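Proteins get letters first, then strands, A, B, ... in listed order; numbering begins at 1 in each. As the structure is a prediction and not an experimental result, all values here were calculated from the model.
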There are 2 protein chains.
Amino acid sequence: MNRRATISDVALLAGVSKQTVSRVVNGSDKVLPETRQRVQAAIDELDFRPNMAARQLSRGRSFTLGIVGRNRNYVSTRSYSGAATTADEMGYALIMKELESGDIDSVRQVLLALQDLQCEGILWTIPEVDRSYAWLEQAGMLELKIPLLFLNVRPRATIKTVSFDHYYAGKIATEHLLSLGRQRIAHISGPDGWWSAESRRRAWGDALLQAKMPAPQEACVIAQSWQAAAGYEAFSQLLENYPGMDALFACNDQVALGAMLKAHEQGIRIPEDVAVIGVDNLPESAFFFPPLTTLEQDARQLGCNAVRKLVGMVERGFGTVPERSNEDDNELLRHTLVVRRSTAG
Amino acid sequence: MNRRATISDVALLAGVSKQTVSRVVNGSDKVLPETRQRVQAAIDELDFRPNMAARQLSRGRSFTLGIVGRNRNYVSTRSYSGAATTADEMGYALIMKELESGDIDSVRQVLLALQDLQCEGILWTIPEVDRSYAWLEQAGMLELKIPLLFLNVRPRATIKTVSFDHYYAGKIATEHLLSLGRQRIAHISGPDGWWSAESRRRAWGDALLQAKMPAPQEACVIAQSWQAAAGYEAFSQLLENYPGMDALFACNDQVALGAMLKAHEQGIRIPEDVAVIGVDNLPESAFFFPPLTTLEQDARQLGCNAVRKLVGMVERGFGTVPERSNEDDNELLRHTLVVRRSTAG
DNA sequence: CTGAAAGCGCTTACAG
DNA sequence: CTGAAAGCGCTTACAG
C-alpha cells in the first residue's frame with residue numbers, strides 16, 4: 001500500500017499512544033521533550049500529515065469559509081485575492097463557488113452546498129442578483145446556520161456588509177471637478193438597482209447642490225452596464241441631452257473609457273472641452289488616452305477586511321448567540337483621488 | 001440544541017437503520033418505495049443534509065480540487081471562473097489558495113496544505129514563479145501523491161498542461177499585419193522566461209522569415225512586464241531602435257495600450273503610420289483609442305478544460321497507475337483574430 | 001505527562 | 001430489501 005501514514009502508524013512506530021501523537025502534532029506543552037522528539041522522528045520518517053477531514057469531523061469544526069462570486073471583474077478579482085490571503089493567514093481554507101444564475105433556487109442551492117461542505121461562514125461577493133434582488137432582504141430569514149457577509153451591498157439592518165463608501169466617492173469625484181472651475185458637470189451613473197451606483201449618483205447631485213449649481217435632470221444618464229460599451233452609448237446621449245457640458249463623472253473607468261472614445265470621434269478634446277474622472281483605477285487607466293483621473297479603490301483590502309470580519313463572526317459564535325445590530329455591522333472603506341491628464345487641463 | 005440533524009436522527013424518526021437512510025440519500029434502488037417515502041419525510045422534517053466531512057472520511061474521497069494562483073489578471077480570473085463552474089458541474093468543490101511568494105518553500109507548503117485538505121488534484125495557474133522556475137522541472141519528483149495540472153506553462157515530458165497555443169497566436173498576429181502590406185513589423189515581447197512570450201516571439205520571427213522579410217534584431221524589444229507601463233517604455237525604445245516601423249505586434253492588449261499612448265504623444269497615427277495588434281481581447285480593448293485589433297483567448301474555456309482534464313486524471317487513478325506520457329498530456333487552445341480600427345487603416 | 005475509551009457522522013462489506 | 005458491526009483518522013474528556 002502506498003497510502004498516507006496515519007496517526008496510528010506514527011504511534012506504533014514511536015511506541016506511544018495516538019493521543020500523544022495528537023498532542024505533539026497540535027503543539028501541546030504537556031509532552032516530555034524526549035517523547036516529543038521520538039514522536040517527531042516517527043512523523044518525519046513516515047512523512048505523516050494529519051488528515052483534515054478526520055480532524056474536522058472530530059473537532060466539529062472545519063476552519064473553512066465559502067466565497068461565492070459571479071462574472072468577476074478587476075475589483076472582485078482583487079477582493080478574492082485579498083480574501084484568500086487573509087483566510088490563509090487566519091488558518092482558514094476558502095472554498096470557491098460560482099453562481100450561474102440569479103434565481104432564488106440557485107442562490108439557495110449554492111448557500112446550502114457550502115454549508116454541507118461544513119463551511120463556517122460565507123462571503124457573498126455578488127453585488128446584485130438580477131431580478132431576484134428580493135432574496136437578499138430575506139437573508140436573515142434564510143435557514144442558514146452560519147454567518148453570511150456581503151461585499152458592496154447596500155447596508156441593511158438584517159445583514160452584515162463590508163463595502164466601499166460610494167457616497168464619499170461620488171462626493172470627492174464631483175468636488176474635484178468643481179475645484180477645476182467646471183460649471184456643467186455631467187454624470188454617467190451605474191445601472192439601476194445597484195447600491196454603489198445610486199450612492200455615487202446621489203453624492204454627485206448633493207455636491208452640485210452644495211456648490212449652488214444644481215444639476216438638471218438631463219445631466220445624468222444611467223448606463224446599461226458597467227462596461228465601456230455602455231459608457232460609449234451614455235456619452236452619446238449626454239451629448240444630445242446636455243450640450244455645453246464641460247466635465248464628466250463616470251461611474252467607473254471602463255465607462256469613462258467608452259465615453260472618451262465617443263468624445264474622440266466627435267472631436268471633443270479631453271480635458272480642454274470635457275474633463276473626465278472615473279472610479280476604480282484599473283492598471284490600464286494610467287495609459288488611457290488621455291491618462292484617466294480616477295478614484296483608487298483598494299479592493300484587495302476589501303477582501304482582507306471581509307475575511308477578518310467574517311472570521312470574527314464565526315469565532316464569536318454568531319448565529320448561536322444572536323447579537324444586537326450595531327454600526328460596526330456595515331464597514332466602509334474609502335477611495336483615494338488619483339489625478340491624471342484627463343482632468344489636468 | 002440547535003445542531004444539525006444527523007443520519008441517526010433521521011433513522012430514529014423514520015424507524016429504520018442508518019444504512020437505509022444512507023441508501024435513500026445516495027439514491028440506491030434497493031429500497032422499498034414505502035420505506036423510501038418514510039425516510040424522505042423524516043429527512044424533510046428534520047431538514048437533514050449529509051455532513052460532507054464525515055462522508056469524505058468514510059468514503060476515503062473528498063471530491064475536492066485545489067486551485068492555486070497569484071496576482072490574478074483578467075485572463076486568469078476568467079479561467080478561475082470556468083474552473084469553478086466545471087468543478088461544480090462535475091461534483092467537485094474547489095479550494096482556492098493564493099501563493100504569496102515564489103520561493104520553493106512557499107510552493108511546497110501550499111501544495112502540501114492542499115493535499116492535507118484531502119484535495120484529489122491540484123490546478124496550478126501561475127505561469128512562472130520568479131527565480132525559482134526550476135522547481136517546476138522537478139514537479140514529477142515532488143512527493144505529491146495527487147495529480148497536478150499546469151495552466152499556460154511550457155509543456156514538458158514530466159508534467160501535464162493545458163495552455164493556449166501561443167506560437168499559433170504569434171503566427172496569425174504577424175500574418176494579419178503582413179496581409180495589410182506592412183513591411184517593417186516590430187514586436188514587443190512579453191518578459192523573458194515566459195513560455196507564452198517566447199513562443200509568440202519565435203512565431204513572429206518565423207512568420208517574417210517565411211514572408212522573406214526577416215526582422216532585424218532591433219525590431220524586437222522585450223518588455224519588463226505585461227503591463228501598459230512596460231508597453232509605453234518598450235515602444236519608446238522601438239521608436240529609437242527601429243525607425244520606419246509601420247506595424248506593431250504587442251504581446252498583449254495592455255502593452256499595446258501603453259505603446260499607443262506613447263504613439264499619440266509622438267504624433268504617430270494609428271493605424272496610418274503604425275498598425276497595432278494585441279493579444280487577450282480585454283473587455284476594454286474595443287474602446288481603446290483607436291479600438292484595438294487583437295486575438296481573443298477564451299480563458300473561461302481554458303479553466304473548464306483544465307478541470308475536466310484534472311478530474312479525468314483523478315478518476316483514472318493517476319499517481320497510482322503510472323501512465324505513459326502522450327501528446328494528450330499537453331492540450332492546446334487557439335486564439336481567434338478580432339479585427340478593429342487599430343489595423344483597419 | 002501519558003493512555004484506554006468513546007465518539008464525530010457517515011459508508012462499506014457482510015448477513016439475513 | 002434491511003440491519004448489526006466495524007471502520008474512516010482524528011480529538012475530547014477522563015483516568016491515572
Response to the item:
Quick note, salt bridge (charged side-chain N to carboxylate O under 4.0 Å, His left out) partners involving residues 10-23 of chain A, not counting sequence neighbours, are none
Fill in: Heavy-atom protein contacts under 4.0 Å, nucleotides 8-16 of chain C, coded B base, S sugar-phosphate only, - none
BBBSB----
Worksheet item: For residues 86-111 of chain A, which residue pairs qualify under ring pair (Phe, Tyr, Trp, His ring centres under 6.0 Å), counting only residues two or more places apart or in two chains?
Response: A:Phe63-A:Tyr92
Item to complete: Only pairs at least two apart or in different chains count here, so list each ring pair (Phe, Tyr, Trp, His ring centres under 6.0 Å) that has a residue in residues 30-61 of chain B.
Response: none
Item to complete: Report yes if a side-chain nitrogen or oxygen of B:Thr20 is closer than 4.0 Å to either non-bridging phosphate oxygen (OP1 or OP2) of D:dG3; otherwise report no.
Response: yes
Worksheet entry | side-chain hydrogen bond (donor to acceptor under 3.5 Å, both in side chains) partners of B:Ser106, counting only residues at least two apart | B:Ser101, B:Asp103
Discussion item. B:Gln37: which residues meet the side-chain hydrogen bond (donor to acceptor under 3.5 Å, both in side chains) condition with it, sequence neighbours left out?
Written reply: none
Worksheet item: Taking CZ from B:Arg61 and P from D:dG7, how many angstroms apart are they, rounded to a whole number?
Response: 23 Å
Fill in: Over 12 foreign heavy atoms within 6.0 Å of CD, A:Gln40
yes
Worksheet item: Listed by chain and number, what are the side chain to side chain contact (heavy atoms under 4.5 Å, CB included) partners of A:Ser62, not counting sequence neighbours?
Response: A:Gln56, A:Thr64, A:Gln118, A:Glu120
Worksheet item: Considering residues at least two apart in sequence or located in another chain, which fulfil the ring pair (Phe, Tyr, Trp, His ring centres under 6.0 Å) criterion with B:Tyr80?
Response: none
Worksheet, complete the sentence: Stems with DNA chain C, 3 or more Watson-Crick or G-U pairs in a row (under 3.5 Å), are C:1-3 with D:14-16, C:5-12 with D:5-12, C:14-16 with D:1-3
